[in-house]
J.: 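One structure follows; several queries about it will come next.
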Amino acid sequence: MAEAPERNLALDIVRITEAAALASARWLGRGNKEAGDGAAVDAMRVSFSTLNINGVVVIGEGEKDHAPMLSNGEHVGKGGGLSLDVAVDPVEGTNLLAYGRPNAISVVGVAPRGSMFNPGPSFYMQKLVVSREARDVVELDAPVKENLKKIAKALGKTMQDLVVFVLDKPRHEKLISEIREAGARIQLQTDGDVAGALMAVDPRSEVDVMMGTGGTPEGVLTACAIKGMGGQILARLDPQSYVEKESINESGIDMREILSVNELVRSDDCFFAATGISGGDFLRGVHYSAKHAVTHSLVIRGKTGTLRYIESYHNMDRLSKISAVQY
């Protein structure tokens with residue numbers, strides 16, 4: 001049956017990512033990632049307090065590097081309204097922000113309570129992210145060249161036209177070599193695999209696929225967006241230390257299981273928002289003029305698949321007089 005339009009929570013949570021981006025952008029290139037991240041966390045916490053939701057943070061980024069964070073299990077919102085799982089990354093790419101590099105973003109995802117995969121003590125997972133056109137042709141354990149051939153065919157491209165996003169880490173030395181041997185192009189970034197995954201499914205981006213091991217919390221968070229964009233993420237926990245591996249074993253999570261977008265977020269009724277902080281290929285960063293700060297955001301509603309790209313002009317004089325957020 002046809003349904004009347006429901007409230008789009010993505011248009012509420014984008015105010016939260018905008019606030020975090022505005023607060024943290026003042027620290028661009030100043031070399032203090034804790035201060036930039038802390039400003040974003042404080043802005044998010046204040047902004048969440050205005051929403052009539054009963055939210056519990058399932059993905060609170062920062063735990064593995066002792067950064068400022070919205071803690072796992074923390075309750076956000078006024079306490080009424082919808083019961084939601086909440087995933088946050090106030091600054092995805094704290095090093096990118098601290099050193100003035102592109103693609104630092106602020107990100108929030110929400111979904112009905114109990115629908116998000118809880119990674120427990122897992123910090124890292126192997127990921128393969130593709131757009132709608134290639135979502136049914138890839139396998140996580142297939143050889144790199146085979147996956148790239150199938151992706152190229154699904155996208156109507158030659159192998160030489162493909163662009164693969166990979167984090168520039170020592171653990172990816174073999175992967176990078178295999179991609180080059182296959183003949184595809186590579187976009188290497190030091191940090192920011194949420195941005196990389198989003199670019200792989202964003203119809204405006206030149207990136208066609210993301211491969212490699214990145215953060216487990218980031219994988220769950222990104223799945224909220226991938227759901228709405230119709231793409232696919234295939235993932236498996238990939239601990240990078242003995243301590244992490246033992247902690248996962250003790251938690252009872254199966255490290256052999258391959259998780260798809262539908263296991264990472266088990267409801268289509270999810271929402272996602274991201275706002276650029278430092279700018280880059282994906283989302284432009286915060287720009288300041290004499291009277292305004294300009295932000296650029298992506299908001300997605302999973303149920304309808306609607307994507308919105310929002311450019312907002314914030315009057316800083318008025319905001320500074322009424323807002324509890326320190327801009």
Side-chain angles (χ1 to χ4, degrees), residues 7-25 40 43-44 47 51 59 61 86-93 96-97 102-111 127 129-132 135 163 165 187 189 191-210 214-215 217-233 261 264-265 268-287 293-314:
R7 183 169 184 176
N8 187 346
L9 281 176
L11 297 175
D12 290 320
I13 62 175
V14 73
R15 294 179 59 213
I16 297 173
T17 58
E18 286 177 343
L22 288 168
S24 60
M44 272 200 173
S47 299
L51 293 187
I59 303 296
E61 178 59 16
V86 177
V88 301
D89 200 342
V91 178
E92 205 268 329
L96 301 178
L97 173 62
N103 292 328
I105 58 177
S106 180
V107 192
V108 171
V110 300
K127 306 173 193 176
V129 180
V130 293
S131 64
R132 176 190 301 272
R135 65 185 178 187
V163 175
F165 181 100
Q187 185 177 127
Q189 300 284 348
D191 299 278
D193 66 334
V194 170
L198 293 174
M199 286 190 278
V201 294
D202 191 327
R204 307 178 308 168
S205 171
E206 67 176 9
V207 172
D208 299 300
V209 52
M210 190 195 82
E218 290 89 340
V220 179
L221 178 51
T222 309
C224 290
I226 294 171
K227 273 252 184 184
M229 290 183 168
Q232 180 62 281
I233 174 172
V261 67
L264 293 173
V265 179
D268 290 333
D269 200 18
C270 55
F271 303 88
F272 176 89
T275 300
I277 303 173
S278 64
D281 298 332
F282 172 52
L283 286 170
R284 294 176 63 186
V286 178
H287 171 72
V294 185
T295 58
H296 296 84
S297 304
L298 168 67
V299 298
I300 303 170
R301 184 182 179 197
K303 191 172 183 179
T304 62
T306 301
L307 285 65
R308 289 179 171 90
Y309 302 99
I310 298 176
E311 181 178 80
S312 301
Y313 287 73
H314 308 269

J.: According to the salt bridge (Lys or Arg N to Asp or Glu O under 4.0 Å) rule, which pairs have a member within residues 8-23, sequence neighbours left out?
T.: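 For residues 8-23, and leaving out neighbouring residues, the salt bridge (Lys or Arg N to Asp or Glu O under 4.0 Å) pairs sorted by first residue read R7-D12.
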
J.: Check A273 against V299 and note the closest heavy-atom contact, atom names and distance.
T.: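 Shortest heavy-atom separation between A273 and V299 comes out as CB-CG1, 4.0 Å.
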
J.: Within a reach of under 6.0 Å around OH of Y313, are more than 12 heavy atoms found that belong to other residues, nucleotides or ligands?
T.: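 Atom OH in Y313 is not packed in, count stays at 12 or less.
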
J.: Verify, without hydrogens or angle tests, whether S24 (side chain) and A40 (backbone) share a donor-acceptor contact under 3.5 angstrom.
T.: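 Such a contact is absent between S24 side chain and A40 backbone.
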
J.: Indicate yes or no: at least one non-hydrogen side-chain atom of F272 is less than 4.5 angstrom from one of T222.
T.: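 No, too far: nothing below the 4.5 Å cut-off.
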
J.: For the atom pair CG (D193) and CG (L198), what is the distance rounded to the nearest 0.5 Å?
T.: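 With rounding to 0.5 Å, CG (D193) is 9.5 Å from CG (L198).
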
J.: With a 3.5 Å distance limit and no angle check, can you tell me whether D269 reaches the backbone of K303 through a side-chain donor-acceptor pair?
T.: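 A pair under 3.5 Å: no.
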
J.: Give the intermediate values and the outcome of side-chain contact (heavy atoms from CB on, under 4.5 Å) for residues R308 and V14.
T.: CA-CA 11 Å; R308 289 179 171 90; V14 73; over 6 Å; no

J.: Over all heavy atoms of both residues, which pair between Y309 and P203 is shortest? Give the atoms and the distance, please.
T.: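 So the minimum-distance heavy-atom pair works out to OH-CD, 4.0 Å.
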
J.: In Å and rounded to the nearest 0.5 Å, what is the OG1 to NE2 distance from T275 to H296?
T.: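 NE2 of H296 is found 10.5 Å from OG1 of T275.
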
J.: For I233 and L264: C-alpha separation, side-chain torsions, deciding distance, then whether side-chain contact (heavy atoms from CB on, under 4.5 Å) applies.
T.: CA-CA 9 Å; I233 174 172; L264 293 173; 3.8 Å; yes

J.: Would you give the length of the straight line joining atom CG of L51 to atom CD1 of I13, rounded to the nearest 0.5 angstrom?
T.: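 So the gap between those two atoms works out to 9.0 Å.
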
J.: Counting N and O atoms only, with roles assigned by atom type, does the side chain of K227 sit under 3.5 Å from a partner on the main chain of V265, one being a donor and the other an acceptor?
T.: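 Yes, K227 side chain to V265 backbone: donor-acceptor pair under 3.5 Å.
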
J.: Rounded to the nearest 0.5 Å, what separates atom CE in M199 from atom CG in N103?
T.: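 Spacing of CE (M199) from CG (N103) equals 4.5 Å.
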
J.: Could you grab the distance from atom CZ of R301 to atom SG of C270, nearest 0.5 Å is fine?
T.: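 The distance works out to 10.0 Å.
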
J.: Just how far is it from atom CG of D89 to atom CD1 of I105, taken to the nearest 0.5 Å?
T.: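 Interatomic distance, D89 CG to I105 CD1, rounded to 0.5 Å: 8.0 Å.
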
